[in-house]
Novice: 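One structure is given below, represented as structure tokens, and several questions about it will come after.
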2 protein chains.
Amino acid sequence: MARSATTMRADILDSAVRLFAAHGFRGTSLQDIATDAGCSKASLLYHFTNKDAILTELLAPVGPEFAALEGRLAGLDGEEAARAAVAGLVDLSLRFRLQVKILLQDVDALINRPELPDVDGLTERLTDALSGRSAAPQARVWAWMAMLGIILTSAGELTLPEETLRAELSRGALRTLGLQTD
Amino acid sequence: MARSATTMRADILDSAVRLFAAHGFRGTSLQDIATDAGCSKASLLYHFTNKDAILTELLAPVGPEFAALEGRLAGLDGEEAARAAVAGLVDLSLRFRLQVKILLQDVDALINRPELPDVDGLTERLTDALSGRSAAPQARVWAWMAMLGIILTSAGELTLPEETLRAELSRGALRTLGLQTD
DNA sequence: ACCCTAGCTGACCGATCGGCCAGCATTTGA
DNA sequence: TCAAATGCTGGCCGATCGGTCAGCTAGGGT
């Protein structure tokens with residue numbers, strides 16, 4: 001027994017999340033993950049029932065976090081809700097950069113997974129919060145959520161310190177949404 | 001001879017651009033394209049040397065258009081350049097929605113193709129145009145270019161009339177870049 | 001009438017994919 | 001000490017991938 005089951009699973013997930021983010025889910029083979037994790041392909045399938053289960057598990061922590069954010073937003077209204085949503089989503093996206101990238105790459109195939117947050121619900125809540133501010137709040141919400149996702153995935157090109165990135169993302173989001181920034 | 005060579009090539013490209021945009025380059029097989037185009041897989045490879053050649057050809061019109069835009073921007077400075085870039089990129093992205101979606105889905109694998117525009121050059125030019133306006137203009141440029149791309153690909157969710165979309169995209173971009181909007 | 005050629009196809013190929021399984025090696029508990 | 005359980009692996013399977021090829025069919029030029 002080289003590594004404990006817990007360690008092995010963690011190593012596999014670490015390799016998988018990096019490779020999925022770099023080359024996409026379809027573009028990463030089980031052999032790629034195995035090589036990166038330093039074990040055999042068969043060993044992967046001993047610890048995980050199949051390739052999909054690996055994806056499910058590494059996305060698992062994302063869902064509850066988004067749900068919690070949505071719960072927090074439920075008690076707020078209008079501009080207050082929008083500002084809280086911006087702060088929350090920027091924070092979550094920074095903490096789950098690789099997962100966000102994976103989601104965006106195969107968004108059409110992954111969007112309806114049960115373990116993922118209800119993006120439609122979040123979008124709707126944001127749209128409601130901003131209603132009356134524009135003829136097309138829907139477009140703005142989509143716009144900055146998209147911006148948020150992609151910019152976080154440009155890790156290679158964007159070599160900004162995390163604090164600068166966080167500030168710029170929040171400012172850009174608030175501006176896009178038509179809210180005043182300090 | 002069922003269809004002329006010209007018609008057949010056009011039909012194949014039409015099927016391919018839609019399927020690549022919907023399911024990604026890797027997620028679309030030659031058989032998928034053939035079925036959609038109403039011919040055999042072997043017929044595809046009679047008209048195109050390989051799968052990659054199909055992608056190359058349907059992306060071909062994008063490169064020169066972006067190069068032309070970059071040329072136009074070369075004669076401008078500062079805010080004027082930024083506003084022209086916004087208008088130009090919004091226009092191009094609206095005209096090449098499917099191609100932009102394909103590019104964004106496999107951006108890491110496709111970014112360095114010779115037939116594609118020099119995105120780095122464009123980004124650099126925009127960054128120059130905005131220098132002095134922010135501590136991190138690079139982040140803003142990336143942000144709204146990303147936003148622009150993704151928002152255009154959300155065709156299913158976003159059912160806004162093109163004029164509204166164009167106006168919202170331009171306004172959002174200008175705001176993100178820190179420029180005033182009427 | 002003829003043939004030549006352009007358009008097209010089914011059958012097939014090697015490579016690679018996700019996944020399965022019999023069995024080996026190491027640790028653990030009685 | 002020894003058997004059971006756990007971690008792990010090489011080898012194999014069927015499916016599917018992109019791509020090749022010999023050959024069929026239908027017009028068009030002479």
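Within every chain, numbering begins at 1; the chains are lettered A, B, ... in the order of the sequence lines, protein sequences first and strands thereafter. Quantities reported herein were computed from a predicted structural model and do not represent experimental measurements.
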Novice: Please check the phosphate of D/dC8 (OP1 and OP2 only) for any side-chain N or O of A/Tyr46 closer than 4.0 Å.
Specialist: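 Indeed not, no polar side-chain atom of A/Tyr46 lies that close.
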
Novice: Could you check how far CZ of B/Arg26 sits from P of C/dT16, rounded to whole Å?
Specialist: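 Result: 15 Å.
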
Novice: Please list residues of residues 31-43 of chain B whose heavy atoms come under 4.0 Å from any atom in DNA chain C, ordered by number; otherwise none.
Specialist: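 Heavy-atom cutoff 4.0 Å gives B/Cys39, B/Ser40, B/Ala42, B/Ser43.
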
Novice: Ignoring the backbone of A/Leu30, work out which of C/dC8, C/dG19, D/dG19 is nearest its side chain.
Specialist: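 Shortest atom-to-atom distance from the side chain points to C/dG19.
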
Novice: Given atom CG of B/Asp52 and atom P of D/dC17, what is their separation to the nearest angstrom?
Specialist: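 That distance rounds to 17 Å.
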
Novice: Output the rounded distance in Å from CZ (A/Phe48) to C1' (C/dG18).
Specialist: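 The distance from CZ of A/Phe48 to C1' of C/dG18 comes to 16 Å, rounded to the nearest Å.
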
Novice: Is there a side-chain polar atom (N or O) of A/His47 under 4.0 Å from OP1 or OP2 of D/dT6?
Specialist: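 Indeed not, no polar side-chain atom of A/His47 lies that close.
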
Novice: When you group the ILVMFWY residues by side-chain heavy-atom contacts below 4.5 Å and let the links chain together, are B/Ile54 and B/Tyr46 in the same group?
Specialist: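 They do not share one cluster, since no chain of ILVMFWY contacts under 4.5 Å joins B/Tyr46 to B/Ile54.
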
Novice: Between A/Leu45 (CG) and C/dG19 (P), how many Å, whole number?
Specialist: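 It is 7 Å, rounded to the nearest whole Å.
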
Novice: Sort and list the pairs that fulfil side chain to side chain donor-acceptor pair (under 3.5 Å) and have at least one residue in residues 31-42 of chain A, not counting sequence neighbours.
Specialist: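 Matches after skipping sequence neighbours: A/Ser15-A/Asp36, A/Arg18-A/Asp36, A/Ser29-A/Asp32, A/Gln31-A/Thr35.
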
Novice: Classify the nucleic acid contact of A/Thr7 as base, sugar-phosphate or nothing, counting any heavy atom under 4.0 Å across all strands shown.
Specialist: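 Counting heavy atoms under 4.0 Å across all strands, no contact is made by A/Thr7.
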
Novice: Taking the side chain as every heavy atom from C-beta outward, state whether A/Phe20 and A/Leu58 have any pair of such atoms under 4.5 Å apart.
Specialist: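 A/Phe20 reaches A/Leu58 side chain to side chain.
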
Novice: To the closest 0.5 Å, what do you measure between CZ (B/Arg9) and OG1 (B/Thr7)?
Specialist: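 Going from CZ on B/Arg9 over to OG1 on B/Thr7, the span is 12.0 Å.
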
Novice: Can you measure A/Lys51 atom NZ to C/dC20 atom P for me and round it to whole angstrom units?
Specialist: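 Value for this atom pair: 15 Å.
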
Novice: Could you tell me which non-hydrogen atom of B/Leu19 sits nearest to which non-hydrogen atom of B/Thr28, and how far apart they are?
Specialist: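 In terms of heavy atoms, the two residues are closest at O-OG1, 3.2 Å.
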
Novice: Between atom CZ in A/Arg9 and atom C1' in D/dT6, what is the gap in whole Å?
Specialist: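 A/Arg9 atom CZ is separated from D/dT6 atom C1' by 15 Å.
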
Novice: Here's a test of your reading of the structure: between A/Leu44 and B/Asn50, which maps to the more 5' nucleotide of DNA chain D?
Specialist: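 So the residue in question is A/Leu44.
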
Novice: Could you report the tightest heavy-atom contact between A/Leu44 and A/Leu30, atom names first, then the distance?
Specialist: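 Nearest heavy atoms, A/Leu44 then A/Leu30: CD1-O, 3.2 Å.
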
Novice: Which distance, rounded to the nearest 0.5 Å, do you find between the CD1 of A/Ile33 and the CG of A/Asp14?
Specialist: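 Interatomic distance, A/Ile33 CD1 to A/Asp14 CG, rounded to 0.5 Å: 11.5 Å.
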
